[in-house]
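Remarks on the structure that follows.
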Amino acid sequence: YRSYSWEELQLYGLDLSYGVLGWNEASWSGQTRAPPSQKRRWSELTSLEREIATSELCYFRDNWDGLDMTPNFGIFPYPKPKQRYVPWSALD
């Protein structure tokens, strides 16, 4: 849903689900900071956030945490963990 505008989320009734995760029109459009849930790993979300992410937004642990879900038939057949993007200026 990242390519959707907030108005499109409202049209499809997804604004309420994203609202539970802390999003609003200003944060979705980049006018204000993303909510804290954006930087949390799946295990750090509240049970309500996980329930909404799963049942309404089609997230689960692997895709929320950004794991590479491409089949890997090489000699090391496990997904490679992918870190969430952190701007260079935010690194310590």
Side-chain angles (χ1 to χ4, degrees):
Y1 303 112
R2 292 179 185 170
S3 65
Y4 285 27
S5 68
W6 188 256
E7 292 78 21
E8 290 172 308
L9 293 178
Q10 290 175 319
L11 177 67
Y12 296 115
L14 298 170
D15 59 317
L16 299 176
S17 300
Y18 275 105
V20 171
L21 295 173
W23 291 96
N24 57 40
E25 187 172 3
S27 59
W28 189 260
S29 64
Q31 296 171 350
T32 60
R33 291 179 182 248
S37 65
Q38 178 68 13
K39 292 186 179 183
R40 292 185 192 137
R41 298 189 61 76
W42 184 259
S43 61
E44 298 170 332
L45 295 176
T46 67
S47 59
L48 177 61
E49 289 171 333
R50 282 194 304 268
E51 180 180 336
I52 292 297
T54 302
S55 63
E56 303 292 327
L57 303 173
C58 302
Y59 280 104
F60 50 93
R61 183 185 57 86
D62 289 352
N63 66 356
W64 181 272
D65 286 344
L67 292 177
D68 179 5
M69 296 170 40
T70 307
N72 180 357
F73 301 111
I75 60 172
F76 189 72
Y78 300 100
K80 298 176 185 175
K82 184 172 81 176
Q83 300 296 325
R84 289 187 177 262
Y85 174 76
V86 178
W88 183 259
S89 60
L91 297 173
D92 292 331

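The shown structure was predicted, so the numbers you read here are calculated from the model rather than taken from an experiment.
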_With T54 via side chain to side chain contact (heavy atoms under 4.5 Å, CB included) - residues at least two apart_ =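 Checked T54 against side chain to side chain contact (heavy atoms under 4.5 Å, CB included); matches are W42.
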Looking at [X] and [Y], would you say the former's side chain and the latter's main chain have a donor-acceptor pair under 3.5 Å?
| X | Y | answer |
| --- | --- | --- |
| W64 | R40 | yes |
| E49 | T46 | yes |
| E44 | R41 | yes |
| S27 | W23 | no |
| N63 | C58 | yes |

_Nearest-0.5 Å distance, OH of residue Y1 to OH of residue Y59_ =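 It is 9.0 Å, given to the nearest 0.5 Å.
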Sequence neighbours left out, cut at 3.5 Å: what donor-acceptor pairs do the side chains of residues 7-22 make with other protein atoms?
unit_1	atom_1	unit_2	atom_2	d
E7	OE1	S5	OG	3.4
E8	OE1	S5	N	2.7
E8	OE1	S5	OG	3.4

